[in-house]
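Structure first, commentary second.
From a predicted model like this one, the values you see are computed outputs, not experimental measurements.
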Amino acid sequence: MRNFKWFRGLRGQLTAIMAIAAMCIISLNFVTHFASREVTRSIDAITKIRMPSIKGLEAMNEGQTAVMQAIALIENTRETEPNYKENLEKMYTRYAEKRMQINDGFKLYEPLPQTPDEADEYTNTFVKVWRDWENATDAYIAAKKKGDITLITQNYPLIYKTFTPSESSLFKIISINYKNAEDDRINAEKSLANMNLFTIIFGTSGLLFVIIFSIIVATRTTNSLSNLTLKLSESSSHVASSSTQIASSSEELSQATTEQASSLEETATSLEQISAMITKASDSANATADSSTESQQTATEGRIFADQMMLSMNEINQSND
């Protein structure tokens, strides 16, 4: 519940948006990585295997055709022709060059990887028929240089007998390499198409989800802010009303304070007057006290005088008695 409440908050929702965007980017990276590897593999197969293989095989094919042409010219050259030996030596030289070209083609082709069907054709058919053709041509040239009519007669037909299967097997291997190169090209295109498709799917889906989720979050945030603004406005209204009431009360209090101050001034004046009256009364009381004291003394003296008079009268009465 706490995690859910956290997710419902703005921070949690923004974190979810970032997480989704990161997942889309990571997925795109994975798809792009594997698709790129497949494309790279296909391109490497074409550039590093198929093209060199085809180049070597085409060199062998061109060399074989040139050898057959040279042998045909050698066979058809007559001793009665002008420059017979010179022309014959030129044909021998051309034959040697084309045989060297064939060997270079073999050196380029044989080390390269082969597909199963290609290896089967090359190992089980091509090597045998090609060697038979090469042996026949070499034996014919050797016999021709020696002038051995018997060997020439035996090997010349053998050249054409072995040429057809060797050429056919070579064409088959070339066709296999072209087909493999085309398959690698198609695989590369498919990988690129899949990469583009997944990029569009993940990119568009992730972008749409992020946009929609962002709109939802923005709407909720806006609503929350609107509610908060409304509450703040209401609170401000209450505060303003309370402030007005407080100001009114303060004014009334100030007026009451002023009135009370006036009353206090009047009271102070009255108190001053009362104090003056009390002072005057005190003075009168003191004067009265002094008069009372004097009267008391006078009364005491009169009582003493009266007592003396009574005593004198008693004495007089006693004297009269």
Side-chain angles (χ1 to χ4, degrees), residues 1-61 105 108-123 170-231:
M1 288 298 293
R2 292 181 179 178
N3 293 332
F4 182 73
K5 289 181 179 178
W6 176 82
F7 175 76
R8 290 179 62 184
L10 180 60
R11 181 181 298 176
Q13 292 173 355
L14 293 176
T15 303
I17 292 174
M18 297 301 295
I20 293 169
M23 289 176 61
C24 291
I25 293 172
I26 292 171
S27 301
L28 284 175
N29 287 335
F30 272 110
V31 172
T32 304
H33 173 71
F34 288 110
S36 299
R37 287 181 58 185
E38 186 63 23
V39 171
T40 302
R41 187 201 65 78
S42 299
I43 293 174
D44 287 343
I46 293 172
T47 56
K48 296 180 181 180
I49 298 175
R50 303 305 163 206
M51 291 180 66
S53 296
I54 293 172
K55 183 178 180 181
L57 293 170
E58 291 290 354
M60 294 163 62
N61 180 44
L108 180 62
Y109 170 74
E110 284 185 331
L112 297 172
Q114 299 174 349
T115 58
D117 54 344
E118 180 184 4
D120 180 70
E121 177 66 24
Y122 180 80
T123 303
L170 178 62
F171 283 162
K172 187 173 183 180
I173 294 175
I174 292 174
S175 298
I176 290 172
N177 275 273
Y178 274 110
K179 180 180 180 299
N180 291 335
E182 182 65 16
D183 291 341
D184 289 330
R185 183 188 66 80
I186 292 173
N187 288 332
E189 290 180 352
K190 285 182 178 179
S191 298
L192 286 173
N194 292 331
M195 182 174 67
N196 293 330
L197 178 63
F198 279 106
T199 300
I200 292 171
I201 292 174
F202 280 101
T204 305
S205 300
L207 182 61
L208 287 175
F209 188 85
V210 169
I211 291 173
I212 293 171
F213 202 76
S214 298
I215 291 173
I216 293 173
V217 171
T219 303
R220 290 183 177 179
T221 304
T222 303
N223 292 333
S224 299
L225 290 175
S226 298
N227 293 331
L228 179 60
T229 303
L230 181 61
K231 290 180 179 179

Do R41 and R37 have side-chain heavy atoms sitting under 4.5 Å apart? no
Decide whether Y109 and Q114 meet the rule of one side-chain donor and one side-chain acceptor closer than 3.5 Å. yes
Between atom CD1 of I46 and atom CG of D183, what is the distance when rounded to the nearest 0.5 Å? 9.5 Å
Taking the side chain from N196 and the backbone from L192, do they hold a donor-acceptor pair closer than 3.5 Å? yes
Minimum heavy-atom separation for L108 to P52, with atom names? CD2-O, 3.5 Å
Taking atom types as modelled and ignoring hydrogens, do the side chains of N187 and S42 form a donor-acceptor contact shorter than 3.5 angstrom? no
State, to 0.1 Å, how close S53 and L112 come at their nearest heavy-atom pair, and which atoms those are. OG-CD1, 3.2 Å
Would you check if the side chain of N61 reaches a backbone N or O of L57 as a donor-acceptor pair within less than 3.5 Å? no
With the threshold set at 4.0 Å, does a side-chain nitrogen-carboxylate oxygen contact exist between E118 and K179? no
Measuring from atom CG of L170 to atom OH of Y122, what distance do you get when rounded to the nearest 0.5 angstrom? 10.5 Å
Any non-hydrogen side-chain atom of I212 less than 4.5 Å from a side-chain atom of I215? no
Measure the CG-CD1 distance between N180 and I49 for me, rounded to the nearest 0.5 Å. 9.5 Å
Grab the two heavy atoms, one from P113 and one from R50, that are nearest each other, plus how far apart they are. O-NH1, 4.2 Å
Pairwise distance CD1(I43) to OG(S191) - rounded to 0.5 angstrom: 9.5 Å
Could you tell me whether the side chain of N177 reaches within less than 4.5 Å of the side chain of K55, counting heavy atoms only? no
